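Below is one structure, written out as structure tokens, with a few remarks after it.
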Amino acid sequence: MTPRTPTLLVITGPTGVGKTAVAIEVARQIGCDIVNADSRQVYRDLPIGTAAPTAAERALVPHHLVGFLPLEAQYSAAQYESDVLALLPQLWQRAPVAVLCGGSMLYVDAVCRGIDELPTISTEVREAVRDKLAREGLDALVDELRTLDPDYCATLDLHNTRRVAHAVEICRQAGVPYSSLRTGQAKQRPFNIVKVGLNMAREELFDRINRRVDAMIAAGLEQEAQRVYALRHLNALNTVGYKELFAMMDGTMSRQVAIERIKKNTRVYAKKQLTWYRRDPLIEWQHPSGAAQAIIRRLQQVL
RNA sequence: GGUACCUUAGCUCAGUGGUAGAGCAAUGGACUGAAAAUCCAUGUGUCCUUAGUUCAAUUCUAAGAGGUACCA
């Protein structure tokens with residue numbers, strides 16, 4: 001079964017649904033590798049809280065882009081896109097399929113559709129914008145954006161500080177309106193994409209999430225968080241499972257509440273993922289049980 | 001069996017003679033270089049049932065049902 005064009009099998013879905021197990025089963029049967037598509041599993045030192053594939057799992061199937069960055073690293077969806085695109089041709093030399101497994105919606109889209117070319121923001125611009133925000137407040141940034149890019153300003157949620165600041169950064173850096181750099185066009189990829197979403201009844205999913213958090217605590221999540229506590233200001237640690245435990249360590253939240261908050265925030269995250277997926281017509285939905293066989297059959301049509 | 005208290009949102013409860021709220025849950029949405037991030041929006045529920053008083057009852061009265069505690 002030599003493919004005419006290589007295939008990227010995307011396995012995605014809400015957190016806790018069981019993507020890793022299905023991906024490993026599929027990859028073993030096909031004899032291919034797995035590329036991580038989880039924005040937090042890229043960092044080392046967070047294996048428990050991010051439910052990263054274990055050493056035993058990684059011994060079964062070669063994994064890529066897992067635990068390869070220090071927590072201090074600056075990383076982005078755009079960097080991820082180029083990392084994956086550089087990696088895939090190597091994987092396709094060994095097998096006609098590569099599996100992309102993970103639930104970070106923007107990361108998956110960056111690989112499947114691409115994201116627009118934008119200038120890299122210099123340290124000076126970034127700090128100048130941050131400084132303006134701190135000194136003059138969000139309204140001042142909104143006013144600036146209204147001047148620099150009224151079109152984008154009209155579509156943006158102006159309460160969203162992060163987006164406003166980012167838009168101003170890009171306008172300043174590029175010297176043109178941000179909206180003029182936004183194409184809204186999906187890039188053509190020289191490979192097939194089969195996108196499978198795993199999902200189950202909401203009640204079943206939430207039950208799995210709750211139990212998985214308990215399992216993480218039992219596996220030593222608190223110790224894992226303790227070890228990186230000094231770095232808690234980093235974006236990589238602005239993450240469900242860590243921020244709540246940091247609050248506990250700061251004494252602003254009880255242990256019991258912290259654990260409940262982790263469960264709740266994980267549930268909220270799963271819901272947010274599902275909202276994103278709902279508008280993606282390419283996703284073929286499967287229940288995790290029996291998904292591996294269904295996916296193999298589906299791949300036969302492409303290969 | 002007796003006495004007291006309770007019955008209001010999925011849960012725990014507050015409250016009022018002019019048909020109702022909080023906390024915790026829960027739900028919908030946005031999303032293009034921080035995305036497990038960031039941001040927006042959402043509370044109709046036989047106020048246990050029936051009868052009575054009243055212009056008006058979830059609120060007062062009575063009976064019934066269920067629950068909790070104590071006493072037998």
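Given the structure is predicted, the values throughout are model-derived calculations rather than measurements. Just so it is clear, the values below take in all heavy atoms, side chains as well, and ignore hydrogens, waters and symmetry mates. Naming: A, B, ... by sequence-line order, numbering from 1 per chain.
As a whole-Å value, the separation of A:Asn238 CG from B:rA35 C1' is 10 Å. Remark: P of B:rC24 and NZ of A:Lys263 are 17 Å apart, rounded to the nearest angstrom. Between A:Asp157 atom CG and B:rU38 atom C1' the separation is 9 Å, expressed in whole Å. Distance A:Tyr152 OH to B:rU32 P: 5 Å, rounded to the nearest Å. Spacing between atom CE of A:Met105 and atom P of B:rA34 amounts to 15 Å, rounded to whole angstrom units. Taking atom OH of A:Tyr75 as the reference point, atom P of B:rA35 lies 10 Å away to the nearest angstrom. If you measure from atom CG of A:Leu274 to atom P of B:rA26, you get 14 Å, rounded to the nearest angstrom. Straight-line distance from the CG atom of A:Leu156 to the C1' atom of B:rC40: 12 Å, rounded to whole Å.
Remark: A:Arg146 engages A:Asp143 in a salt bridge, criterion side-chain N to carboxylate O under 4.0 Å. Between A:Glu117 and A:Lys187 there is a salt bridge, since at least one side-chain N of the basic residue sits less than 4.0 Å from a carboxylate O of the acidic one. In this structure, A:Arg189 pairs ionically with A:Glu81, as a charged nitrogen and a carboxylate oxygen lie closer than 4.0 Å. Contact check on A:Arg28 versus A:Glu25 returns no salt bridge, with no Lys/Arg side-chain nitrogen under 4.0 Å from an Asp/Glu carboxylate oxygen.
B:rU44 sits 9 Å from B:rA20 when the P atoms are compared, rounded to a whole Å. Look at the C1' atom in both B:rA25 and B:rG10: the space between them is 7 Å, to the nearest Å. Nucleotides B:rU59 and B:rU54 are separated by 16 Å at their P atoms, to the nearest Å. The same atom, P, is picked in B:rC13 and in B:rU7; the two are 9 Å apart, to the nearest Å. Rounded to a whole angstrom, the distance from the C1' atom of B:rA56 to that of B:rA63 is 23 Å. If you take atom C1' in B:rA62 and the same atom in B:rU27, they sit 42 Å apart, rounded to whole Å. Nucleotides B:rU16 and B:rA69 are separated by 27 Å at their P atoms, to the nearest Å. Distance check on atom P: B:rC40 versus B:rU19 gives 33 Å, rounded to whole Å.
Side-chain proximity of A:Lys264 to the nucleotides B:rU27, B:rA30, B:rA25 is greatest for B:rA25. For A:Phe206, counting side-chain heavy atoms from C-beta on, the closest listed nucleotide (B:rC39, B:rG33, B:rA26) is B:rA26. Listed nucleotides B:rU32, B:rU38, B:rA26 differ in distance to A:Arg267; the shortest reach to its side chain belongs to B:rA26. With B:rC40, B:rU27, B:rA35 as the candidates, the nucleotide lying closest to the side chain of A:Arg163 is B:rA35. Out of B:rA30, B:rA34, B:rA35, the shortest distance to the side chain of A:Thr275 is found at B:rA30. With B:rA26, B:rU27, B:rU32 as the candidates, the nucleotide lying closest to the side chain of A:Lys271 is B:rU27. The side chain of A:Arg202 sits closest to B:rU27 out of B:rA30, B:rA34, B:rU27. Listed candidates were B:rU38, B:rA34, B:rG33. Nearest to the side chain of A:Ala78 is B:rG33.
Within 4.0 Å of A:Thr266, counting heavy atoms only, lies no atom of the nucleic acid at all. Residue contacts for A:Tyr178: at a heavy-atom cut-off of 4.0 Å it reaches the sugar-phosphate backbone alone, with no base atom in range. Base contact: A:Glu117 has a heavy atom under 4.0 Å from a base atom. Within 4.0 Å of A:Tyr107, counting heavy atoms only, lie sugar-phosphate atoms of the nucleic acid but no base atom. Across all strands shown, A:Gly241 has no heavy atoms under 4.0 Å from either base or sugar-phosphate atoms. Within the nucleic acid shown, A:Thr239 comes within 4.0 Å of at least one base atom, counting heavy atoms only.
Here A:Glu204 pairs with nothing under the salt bridge (charged side-chain N to carboxylate O under 4.0 Å, His left out) rule; sequence neighbours left out.
B:rA22 and B:rU12 make up a base pair, with Watson-Crick or G-U wobble contacts both under 3.5 Å.
Using modelled atom types, one finds no donor on one side chain facing an acceptor on the other under 3.5 Å when comparing A:Tyr178 with A:Glu169.
Each of A:Gln273 and A:Ser76 was assigned the nucleotide of RNA chain B with the nearest heavy atom; the assignment lying further toward the 5' end belongs to A:Ser76. Of the two residues contacting RNA chain B, namely A:Thr183 and A:Asn265, the nearest-nucleotide position lying further toward the 5' end is that of A:Thr183.
At a cut-off of 3.5 angstrom, counting only N and O atoms as typed in the model, there is a donor on one side and an acceptor on the other between the side-chain of A:Lys272 and the base of B:rU38.
For the side chain to side chain donor-acceptor pair (under 3.5 Å) with A:Arg40, the qualifying choice from A:Thr239, A:Thr50, A:Asn238 is A:Thr239, the only one to do so.
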